[in-house]
Amino acid sequence: MADTARGSSYPLIWEVVRQIPAGRVATYGQVAVLAGLPGRARQVGYAMHALPEGNDVPWQRVINARGEVSPRSQLGDNEGAEHYQRHLLEAEGIAFDERGRISLSRYRWEPSSDID
DNA sequence: TGCTTGACATAAT
DNA sequence: CATTATGCCAAGC
């Protein structure tokens, strides 16, 4: 579609995240570009915040450029969420280091290399 | 309608 | 690779 996808790009972002294969992770910037929103990584984060519960979007596979799971800012339930994401990612086959970080150089998803 | 905050990225140090 | 500073855009108030 040639439309600029403006208005609500959330469905588009969710669609991109949904295409992330298991055992692989993508950064917000990566998803942003794939969703057609170059430089709008923050909007991707907002889309995750607006995610419905009955969705098929593995948002836990979406991490920041540091290789860490989204700490959800300074919220109080961040610890539980981080541990939960870590558990899910480990189940996918992702390896975490002692600092709870992922080796992006190893698990970064390449859409051109794996079309699922 | 205008300012502040924000599931971030990139460049520089 | 970690931390600090700056920028982008949208949602919330």
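Numbered from 1 within each chain, the chains take letters A, B, ... in sequence-line order. Worth saying up front: this structure is predicted, and the values here are computed from it rather than measured.
- Between A/Tyr46 atom OH and B/dC8 atom P there is a gap of 10 Å when expressed in whole angstrom units.
- The distance between atom NE2 of A/His49 and atom C1' of C/dC9, rounded to the nearest whole Å, is 16 Å.
- Applying the side chain to side chain contact (heavy atoms under 4.5 Å, CB included) test to A/Asp97 and every residue at least two apart in sequence or in another chain returns A/Arg99, A/Arg101.
- Between A/Gln43 atom CD and B/dA7 atom C1' the separation is 13 Å, expressed in whole Å.
- In this structure, the side chain to side chain contact (heavy atoms under 4.5 Å, CB included) partners of A/Arg106, at least two apart in sequence or on a different chain, are A/Ser103.
- Residue side chain A/Trp59 meets the stacking definition with respect to B/dA7: its ring centre sits within less than 5.5 angstrom of the base's six-membered ring centre, and the planes differ by less than 30 degrees.
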Using atom names, set out every protein N or O paired with an N or O of nucleotides 9-13 of chain B below 3.5 Å, distance rounded to 0.1 Å.
unit_1	atom_1	unit_2	atom_2	d
B/dA9	OP1	A/Tyr28	N	3.3
B/dA9	OP1	A/Ala65	N	3.1
B/dA9	OP2	A/Ala65	N	2.8

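- Each salt bridge (charged side-chain N to carboxylate O under 4.0 Å, His left out) pair with one or both residues in residues 27-41 of chain A, not counting sequence neighbours, would appear here, but there are none.
- Atom pair A/Arg86:CZ and B/dA7:P shows a separation of 22 Å (rounding to whole Å applied).
- Here the straight-line distance linking atom CD1 of A/Ile20 with atom CH2 of A/Trp109 works out to 5.5 Å at 0.5 Å rounding.
- The CG-C1' distance, from A/Leu37 to C/dA11, rounds to 15 Å in whole Å.
- Here side-chain hydrogen bond (donor to acceptor under 3.5 Å, both in side chains) pairs that include residues 25-39 of chain A, with residues two or more places apart or in two chains, are A/Tyr28-A/Ser70.
- Rounded to whole Å, the distance from CG on A/Leu104 to P on B/dC8 is 14 Å.
- Atom CD in A/Glu98 sits roughly 12 Å away from atom P in C/dA2 (whole-Å rounding).
- A/Tyr10 is linked by a side chain to side chain contact (heavy atoms under 4.5 Å, CB included) to A/Ile13, A/Trp14, A/Gln43, A/Tyr46, A/Ala47, A/Ala50, counting only residues two or more places apart in sequence or in another chain.
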